[in-house]
Participant: 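Got a structure here, written out as structure tokens. Questions coming.
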Amino acid sequence: MEQQISSICQRFDNDRSRLLDILLAVQNEFRGIEMEAMELVAREIGTYRVEVEGMVTFYAFLSEAVQGEVVVRICDDIIDRHAGQQTLVKLFTQQLGLEPGQTSEDGRFTLETTACIGMCDQAPALLINDRVFCSVTADHAQQIIDALKQGVEPEAIELPTGEGNNSHPLIHSMVKNNIQHVGSMLLCDVPQNAGLDRALS
């Protein structure tokens, strides 16, 4: 662990201002940031362990405990609750044999509820590792659970995708961008690539 954390910190120039980047990399490597890891990070970047621990405990997506290979986060805001979030919690709880906040004994799954993930317009939503699943029905949830239990990685789960480029095989996202037509947000026709051309100029 000492050598790996030293290497991660060096990748970010042992820069204390890059602490969040370092902690994300440590979590990706070890699936959690335990106390020993916090102490090693603090030593490498020349700060106090309490500063590192403060950041780990502040951000919900950082974990002091080692998490499963697959972390299922079910959005738990009021919009998702009204859209059927409790049905999803019940399904995942029953079929994974976990309560929110628990990790399976084999280290495969962690189940959590989380604050808003920014998908309230397409609730109920899940975040499984880095993949967003939105407008999740009970049938979708069952398909997801079955696929995960068979060892399918979250990014390879086949479900209906959003419109436009979000349906492209390289993106394959359920997220709908909701940009449908000119209206109060887009006051005139916008030429294709106009934003990119403006940024480049």
Participant: Who are the side-chain hydrogen bond (donor to acceptor under 3.5 Å, both in side chains) partners of Thr137, not counting sequence neighbours?
Facilitator: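 Listed in chain order: His140.
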
Participant: Look only at the side chain of Asp77 and the backbone of Ile79, and say whether a donor-acceptor pair between them is shorter than 3.5 Å.
Facilitator: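 The answer is yes, because a donor-acceptor pair under 3.5 Å joins these two groups.
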
Participant: Determine whether a donor-acceptor pair (N or O, by modelled atom type, separation under 3.5 Å) exists between the side chain of Gln102 and the backbone of Glu99.
Facilitator: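 Checking the backbone N and O of Glu99 against the side chain of Gln102, a donor-acceptor pair under 3.5 Å is found.
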
Participant: Which residues pass the side-chain hydrogen bond (donor to acceptor under 3.5 Å, both in side chains) test with Gln86, not counting sequence neighbours?
Facilitator: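 Here no residue qualifies.
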
Participant: I need the minimum non-hydrogen distance between Pro124 and Ala83, along with the two atoms involved.
Facilitator: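 Heavy-atom minimum between the residues: CD-O, 3.4 Å.
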
Participant: Is the CG atom of Asp130 crowded by more than 12 outside heavy atoms at less than 6.0 Å?
Facilitator: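 Not buried by this count: 12 neighbours or fewer within 6.0 Å.
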
Participant: Looking only at heavy atoms, which two atoms of Gln142 and Gln95 are closest? And how far apart?
Facilitator: OE1-NE2, 2.6 Å

Participant: Does a salt bridge link Arg43 with Glu2, judged by any charged N lying under 4.0 Å from a carboxylate O?
Facilitator: yes

Participant: Using a 3.5 Å distance criterion without hydrogens, assess whether the side chain of Thr110 forms a donor-acceptor pair with backbone atoms of Gly68.
Facilitator: yes

Participant: Under a 4.5 Å side-chain heavy-atom rule over Ile, Leu, Val, Met, Phe, Trp and Tyr, are Val72 and Val152 clustered together?
Facilitator: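 Same hydrophobic cluster.
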
Participant: Looking only at non-hydrogen atoms, find the nearest pair between Val136 and Ala141 and report the distance.
Facilitator: CG1-N, 3.8 Å

Participant: Under 3.5 Å, is there a donor-acceptor pair between the side chain of Thr103 and the main chain of Gly107?
Facilitator: no

Participant: In terms of side-chain geometry, is the basic nitrogen of Glu112 or Arg73 positioned less than 4.0 Å from the acidic oxygen of its partner?
Facilitator: yes

Participant: Tell me whether Asp21 is salt-bridged to Arg18, with the criterion being a basic N under 4.0 Å from an acidic carboxylate O.
Facilitator: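 Yes, charged N to carboxylate O under 4.0 Å.
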
Participant: Under a 3.5 Å distance rule, please check whether Asp76 uses its side chain to pair with a backbone N or O of Gln85 as donor and acceptor.
Facilitator: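 It does not hold such a pair.
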
Participant: According to a 4.5 Å side-chain heavy-atom criterion applied to Ile, Leu, Val, Met, Phe, Trp and Tyr, with indirect links allowed, do Val89 and Val70 form part of one hydrophobic cluster?
Facilitator: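 Yes; Val70 is reachable from Val89 via cluster members.
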
Participant: Could you tell me if Ser6 and Gln10 have a donor-acceptor pair between their side chains, going purely by distance under 3.5 Å?
Facilitator: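 Yes.
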
Participant: Regarding Arg131 and Glu153, does a basic nitrogen lie under 4.0 Å from an acidic carboxylate oxygen?
Facilitator: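 The answer is no: the pair does not qualify as a salt bridge.
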
Participant: Where is the tightest heavy-atom contact between Val56 and Ser63, given as atom of each residue plus distance?
Facilitator: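 So the two residues come closest at CG1-C, 4.2 Å.
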
Participant: Can you see which heavy atom on Ala138 is nearest to which on Thr87, and at what distance?
Facilitator: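 Smallest heavy-atom distance, with atoms named: CB-CG2, 4.3 Å.
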
Participant: More than 12 heavy atoms of other residues, nucleotides or ligands under 6.0 Å from CZ of Phe61: is that the case?
Facilitator: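 Enclosed: over 12 neighbouring heavy atoms sit under 6.0 Å from CZ of Phe61.
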
